[in-house]
Enquirer: 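I have a structure here, written as structure tokens, and I will follow up with some questions on it.
A, B, ... follow the sequence lines: proteins, then strands. Residue 1 opens every chain. Predicted model, so just to flag it, every value in this text is computed and none were measured.
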Amino acid sequence: MTNPRLRIAPSPTGYLHVGTARTALYNYLYARQKNGVFVLRIEDTDVERSSKEMTEIIIEGLKWLGLNHDEGPFYQSDYFSHYTDYLPQLEKTGGIYRCFCTPKELEERKQNVIAEKKAWKYDRKCLHLSDEEIKENIEKKKPFAWRVRVPEGKTSYDDLIHGVIEKENSEIEDFVIVRSDNTPVYNFAVVIDDFRMKITHVVRGDDHISNTFKQLHIYRLLDATPPSFAHLPLILDENKAKLSKRTGTVSVLAFRDMGVLPEAFVNFIALIGWNPGGDREIMSLSEMTDLFSFEKVTKKGGVFDYKKLEWMNSKYITNYDSSKLLDLTMPFFRSAGIETSSFDREKLMKIMDSVKEKARYLKDIPELTRFFFEDVKTYDEKGKAKYLTPERIEHLKVLKEKLNSLKEFSHDEIENIYKTYAGEKDLKGGDIIHPTRLALSGRTEGPSLFLMMEIMGKETVFSRLTKIIESDIL
RNA sequence: GUCUCCAUCGUCCAGUGGUCAGGACACAGCCCUUUCAAGGCUGCGACACGGGUUCGACUCCCGUUGGAGACGCCA
């Protein structure tokens, strides 16, 4: 067998949906694993709802995730004529027919049927038109759509995830493939595209299972071998309904903008509906590529658990390369209004390292590190009462003197001063550490104090200590 | 309403006839500690129900119930 060809075919809706991202991921993993080709195709046959910007957002999202495509992007709207080119061929088979019913007529008949509490399906009115009637309608230039005539019998296929799925043809209506304005409908465009692009595996959401039966009939009329299908379980919201814009964050780029690392996001969504077996959870894209298989994809829809994403993201941040982390965090400093230019890169990386394991999102980092960059303006109220007692400020005075004698203002040296002083005065470390931290950062929590002092440097440490010692802050 | 899919802790997954039903997130407690985190330990917590098949069912079959999805000249 030749190398597989897979595709992701999003419709430009203004954002890259989390579900689409995961579908893209599984397509990508399989294509890469089998040395296949991953195609990007934009399904914009609904011209009114599509735009260039929307398409770019999707491409940007895919790029952020690192799911690079090999071919495309192709735009369905560029190929409108291709679809209708197949019409004569299809007509010859007798498998399609013209439908002159107007949307309005259809709607009326549909309502009548529903009123009787019956299931609506196209009533085949136009299938029974005589040749003369058809001719007459055409001469009168009455607009028409093309419908597929679904034959008697059953339609079935072997889904890579669900196994054999079967449906009575009587349950499938004669569906439209070309609108009366001569544009193709989704189900038709998809089949023609997949056929022309020689797609071998169609991997998409569960919600397309019912479309699959219709598409199978088009393949039949085309006399083409259908691709393999894999229908993925849906990603659900807390209410176990299909994740939608209404019920949760659905845009992939929104996660980027809150400071989720792409690797963490990919890892997380991969695990909704798939697992290589066993207890493995943290995996890179290339590891997943080796491990992926459709057999291991779950059938059950999975809830998008923000808490677990948060955990996974913090884990990734902790283990991330400091330099890369810094680059990705810069925009967040900017939007937090923090000026970082007075620090060199080495120092900035140290700052990153000091808070790496505390941040859940990149957007947390500016607030976690603000005091490194700006003077302390406010001091934690509770901390002030608790730690900045006169007695403790006395300690700070002495400590400041001792620090002054230091040749090297480093973590270890500073620690030595504090430990020794605490021992001499029979104090607990916290008795001098907490007041110092508060004086230097205005806060009661933060990075390890001695490390913090080393990063800040002697000058800043002294000026901030002085401010506390000399002011009547109490 | 019709059709299709699905069914293990609150959530994400392991499990493919014999397991004390395992891990992770979340939650609770304890430990560590220089605060906050992180980390370590412990706890809480599930095979939807009813029939079969079998020496034996979470695992196989049927049904019930429940949930979801699709029923457009949207994609």
Side-chain angles (χ1 to χ4, degrees), chain A residues 9-13 43-46 48-50 76 99 101-103 106-107 110 113-114 116-122 143-147 159 161-162 165-168 170-173 175-181 183-187 189-190 205-213 231 233-234 236 238-242 268 271-282 296 298-312 314-315 318 355-360 368 383 387 415 418 428-434 436-438 441 443-450 452:
Chain A
S11 53
T13 45
E43 314 244 295
D44 59 348
T45 49
D46 185 1
E48 277 181 29
R49 296 202 314 199
S50 310
Q76 286 187 327
C99 174
C101 301
T102 66
L106 252 18
E107 185 57 25
K110 183 176 173 179
V113 171
I114 290 174
E116 290 174 41
K117 284 198 164 180
K118 285 185 191 161
W120 160 260
K121 207 179 73 172
Y122 179 61
F144 62 87
W146 286 98
R147 283 184 189 272
D159 195 283
I161 292 166
H162 295 280
I165 303 180
E166 187 180 72
K167 190 161 182 160
E168 293 285 345
S170 59
E171 295 293 340
I172 308 170
E173 75 167 351
F175 56 100
V176 170
I177 55 170
V178 176
R179 303 183 184 99
S180 46
D181 65 0
T183 58
V185 143
Y186 167 77
N187 273 320
V190 171
D206 252 354
D207 48 350
H208 282 288
I209 289 178
S210 55
N211 281 327
T212 307
F213 297 104
H231 285 96
L234 262 18
L236 277 19
E238 296 92 328
N239 303 315
K240 303 224 175 194
K242 189 170 153 183
F268 174 71
L271 261 20
I272 307 177
W274 173 76
N275 177 293
D279 294 338
R280 289 204 63 184
E281 289 210 305
I282 303 289
K296 284 297 200 175
T298 329
K299 295 177 181 172
K300 196 176 55 159
V303 175
F304 191 96
D305 185 350
Y306 294 87
K307 279 273 175 55
K308 186 147 185 176
L309 201 215
E310 191 171 293
W311 166 79
M312 192 167 277
S314 68
K315 196 117 175 148
T318 308
V355 295
K356 255 183 174 180
E357 57 190 30
K358 300 176 201 299
R360 294 164 312 154
L368 250 19
Y387 301 129
E415 179 172 24
Y418 271 69
K428 280 190 289 185
D431 290 333
I432 46 183
I433 286 170
H434 296 315
T436 310
R437 182 196 311 286
L438 187 63
S441 70
R443 307 216 206 157
T444 56
E445 34 54 59
S448 157
L449 180 69
F450 308 127
M452 197 169 116

Enquirer: Would you please name every residue forming a ring-ring contact (aromatic ring centres under 6.0 Å, His included) with A/His162, sequence neighbours left out?
Expert: none

Enquirer: Across the strands shown, which category fits A/Arg147 at heavy-atom distances under 4.0 angstrom: base, sugar-phosphate, nothing?
Expert: sugar-phosphate

Enquirer: For the side chain of A/Ala119, starting at C-beta, report the closest nucleotide among B/G69, B/U2, B/A75.
Expert: B/U2

Enquirer: Go through the steps for A/Glu281 and A/Lys308 under the test side-chain contact (heavy atoms from CB on, under 4.5 Å), then give the verdict.
Expert: CA-CA 11 Å; A/Glu281 289 210 305; A/Lys308 186 147 185 176; 2.9 Å; yes

Enquirer: Using a 4.0 Å heavy-atom cut-off, does A/Glu173 contact any base of the nucleic acid, only the sugar-phosphate backbone, or nothing at all?
Expert: sugar-phosphate

Enquirer: Taking a pair as Watson-Crick or G-U wobble with both distances under 3.5 Å, which nucleotide is matched to B/G69?
Expert: B/C3

Enquirer: Hey, does A/Trp120 reach any base, or is it just sugar-phosphate, or nothing, if we go heavy atoms under 4.0 Å?
Expert: sugar-phosphate

Enquirer: Look at the side chain of A/Ser210 and decide which nucleotide, out of B/A70, B/G69, B/G1, has an atom nearest to it.
Expert: B/A70

Enquirer: What's the closest nucleotide to the side chain of A/Ile209 if the choices are B/U4, B/A26, B/G69?
Expert: B/U4

Enquirer: A/Phe175: which residues meet the ring-ring contact (aromatic ring centres under 6.0 Å, His included) condition with it, sequence neighbours left out?
Expert: none

Enquirer: Report yes or no: is there a donor-acceptor pair, N or O only, under 3.5 Å between the side chain of A/Asn211 and the base of B/A70?
Expert: no

Enquirer: Counting the atoms with a prime plus P, OP1 and OP2 as sugar-phosphate, which does A/Lys121 contact under 4.0 Å by heavy atoms, base, sugar-phosphate, or nothing?
Expert: nothing

Enquirer: Please check the phosphate of B/A7 (OP1 and OP2 only) for any side-chain N or O of A/Lys299 closer than 4.0 Å.
Expert: no

Enquirer: For nucleotides 30-34 of chain B, give me every protein contact, N/O to N/O, under 3.5 Å, one pair per line with atom names.
Expert:
unit_1, atom_1, unit_2, atom_2, d
B/U34, O2, A/Arg437, NH2, 2.7
B/U34, N3, A/Leu449, N, 3.4

Enquirer: Starting at the 5' end of nucleotides 41-48 of chain B, put B wherever the base has a protein heavy atom under 4.0 Å, S where only the sugar-phosphate does, and a dash everywhere else.
Expert: --------

Enquirer: Are the aromatic ring centres of A/Tyr186 and A/His208 under 6.0 angstrom apart?
Expert: yes

Enquirer: Assign a letter to each nucleotide of nucleotides 8-14 of chain B from its 5' end: B, base within under 4.0 Å of a protein heavy atom; S, sugar-phosphate only; -, no contact.
Expert: S--BBSS

Enquirer: Report each atom pair, protein N/O against N/O of nucleotides 37-40 of chain B, whose distance is under 3.5 angstrom.
Expert:
unit_1, atom_1, unit_2, atom_2, d
B/A37, O2', A/Glu357, O, 2.7
B/A37, N3, A/Glu357, OE2, 3.3

